[in-house]
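Take a look at the structure below.
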Amino acid sequence: MKCSTVRWGLLPELPEVESVCRHLRERVPAGSLIVRAAIVRPGIVRPADPAAVEQELTGQRITRIGRRGKHILLHLSSGRILGVHLRMTGNLYFSPDIRFREASARAWLELPGRTGIVFADPRALGRLELLDQEPASLGPEPLEASFTPAVLAQASRASRAPIKVFLLDQRRVAGVGNIYAAEALFRARINPRKPANRLNSNNIQRLHAAIVGVLEDAVQSAYNAYSSPGRFTEGEEFAVQVYGREGQPCAACGKPVRRIRQGGRSTYFCGHCQR
DNA sequence: AACACGACCTGGTAGC
DNA sequence: TGCTACCAGGTCGTGT
């Protein structure tokens, strides 16, 4: 692929973050002790004092690994939560030997036996944050039962923003990013420029089903990819229909996929299929 | 109040 | 070859 940032399957939206969580849950037993914490890139932590964060984390136990939208939540024995956001290029993974770390390792939690959890992020846009509770102001989890067409309809009525921009707003639906917003709108055959409050009930039904369907497919693909890196087999990968495919034929009608700018970001869509 | 936009970051690439 | 300019996008702070 032409653009390096379109490393498909690595851009951390809900499905990729979920697979990171599964990876960690399989390797970090509940109750694991944090022997030592290291923050080697001060700018990534909140609160802003790295030494204080290191001190607070050291000696804590990881009681549970959760997820909310794109946030990874390491629940600590103190009751506080270490929230990890991967942003664009971040990654969080279990290391069997914490002494060997890649250059982009920005922080790590040493666990017993010199194992650990590494936060790596070449661009250092990701964030580690100590929280009193789960992040507030996030919308519903799209893969939970509470996310219904009625919930989506109610939220959409309150916004005149283009539906694509609306979907990127984490207060509306948690975990959808630029790729899956485009893919969901393609699957629902809705024009990304359509104002959110102009979607009719038919549109809402299709969009709801598309969001859930796209994310479920991608969760499965992302997990497969993460479990067996380098062992992709054809067809296992989530099939992108429009994202990053400017000028290539639409899978449905053959007309070229278009790219426009919305809210400072690229939107890919088929001008013929998406009305 | 709702929306727009720049800043934050770095690596890769296009263009000269 | 080596340089610069630009672009990727999630989120937040600031401006309109």
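Note that this is a predicted model, so its numbers are computed, not measured. As a basis for the values below, the full set of heavy atoms in this structure was taken, side chains included, without hydrogen atoms, waters or symmetry mates.
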ask   = Would you say Gln170(A) reaches dG10(C)'s phosphate, i.e. side-chain N/O to OP1/OP2 under 4.0 Å?
value = no

inquiry  = Expressed as a whole number of angstroms, how long is the span from Gln262(A):CD to dA4(B):P?
reply    = 10 Å

task = Identify which nucleotide among dC3(B), dA8(C), dT10(B) has an atom closest to any side-chain atom of Ser266(A), counting heavy atoms from C-beta outward.
result = dA8(C)

query = Would you say a side-chain N or O of Ser159(A) is under 4.0 Å from OP1 or OP2 of dC3(B)?
reply = yes

ask   = Please give, in whole Å, the distance from dG6(B) P to Leu125(A) CG?
value = 17 Å

note = Separation of dT11(C) atom C1' from Leu131(A) atom CG, nearest Å, is 15 Å

ask   = Reckon Ser104(A) touches a base, only the sugar-phosphate, or nothing at all at heavy-atom distances under 4.0 Å?
value = nothing

message = At 4.0 Å (heavy atoms only), tell me whether Arg171(A) reaches a base, stays on the sugar-phosphate, or touches nothing.
response = nothing

message = Given the structure, check if the side chain of Arg160(A) and the base of dA1(B) hold any donor-acceptor pair shorter than 3.5 Å.
response = no

request  = Under 4.0 Å between any heavy atoms, over every strand shown, what does Ala124(A) touch: base, sugar-phosphate, or nothing? Just pick one.
outcome  = nothing

ask   = For Tyr180(A) and dG9(C), is the shortest distance between a side-chain N/O and OP1 or OP2 below 4.0 Å?
value = no

request  = Would you please confirm or rule out a distance under 4.0 Å between OP1 or OP2 of dG10(C) and any side-chain N or O of His85(A)?
outcome  = no

request  = Give a yes or no on whether a salt bridge exists between Lys164(A) and Asp169(A), defined as a side-chain N under 4.0 angstrom from a carboxylate O.
outcome  = no

Pair Glu129(A) + Arg80(A), salt bridge at N-O below 4.0 Å = no

Value in whole Å for how far the C1' atom of dT10(B) lies from CE of Met88(A) = 11 Å

inquiry  = Whether the side chain of Arg265(A) and the base of dT11(C) hold a donor-acceptor pair under 3.5 Å is what I'd like checked.
reply    = yes

request  = Measure from the side-chain heavy atoms of Asn178(A) and tell me the nearest of dG10(C), dC9(B), dC3(B).
outcome  = dG10(C)

ask   = Whole Å only: how far is the CZ atom of Arg46(A) from the P atom of dC12(C)?
value = 10 Å

query = Less than 4.0 Å between a side-chain N and a carboxylate O, is that true for Glu141(A) and Arg67(A)?
reply = yes

inquiry  = So Leu76(A) and Leu130(A), do their side chains get closer than 4.5 Å, heavy atoms only?
reply    = yes

inquiry  = Side chain of Arg87(A), heavy atoms from C-beta onward: which of dT10(B), dC12(C), dG9(C) has the nearest atom to it?
reply    = dC12(C)

message = What is the separation between atom CD1 on Ile44(A) and atom C1' on dC9(B), rounded to the nearest whole Å?
response = 12 Å

query = Would you say dA8(C) has OP1 or OP2 under 4.0 Å from some side-chain N or O of Arg259(A)?
reply = yes

request  = Quick one: label Arg261(A) by what it contacts on the DNA or RNA (base, sugar-phosphate, nothing), any heavy atom closer than 4.0 Å.
outcome  = sugar-phosphate

message = Less than 4.0 angstrom from a charged side-chain N to a carboxylate O is my criterion; do Glu18(A) and Arg22(A) meet it?
response = yes

ask   = If two hydrophobic side chains count as joined below 4.5 Å and joins carry through other members, does Phe119(A) share a cluster with Ile81(A)?
value = no

note = Among dG11(B), dC3(B), dC9(B), the one nearest any side-chain atom of Arg123(A) is dC9(B)

key: Residue closer to the 5' end of DNA chain B, Pro162(A) versus Arg106(A) (nearest nucleotide)   = Pro162(A)

query = In whole angstrom, what separates Asn91(A)'s CG from dT10(B)'s P?
reply = 18 Å

message = Could you tell me how far apart Ile179(A) (CD1) and dG9(C) (P) are, to the nearest whole angstrom?
response = 8 Å

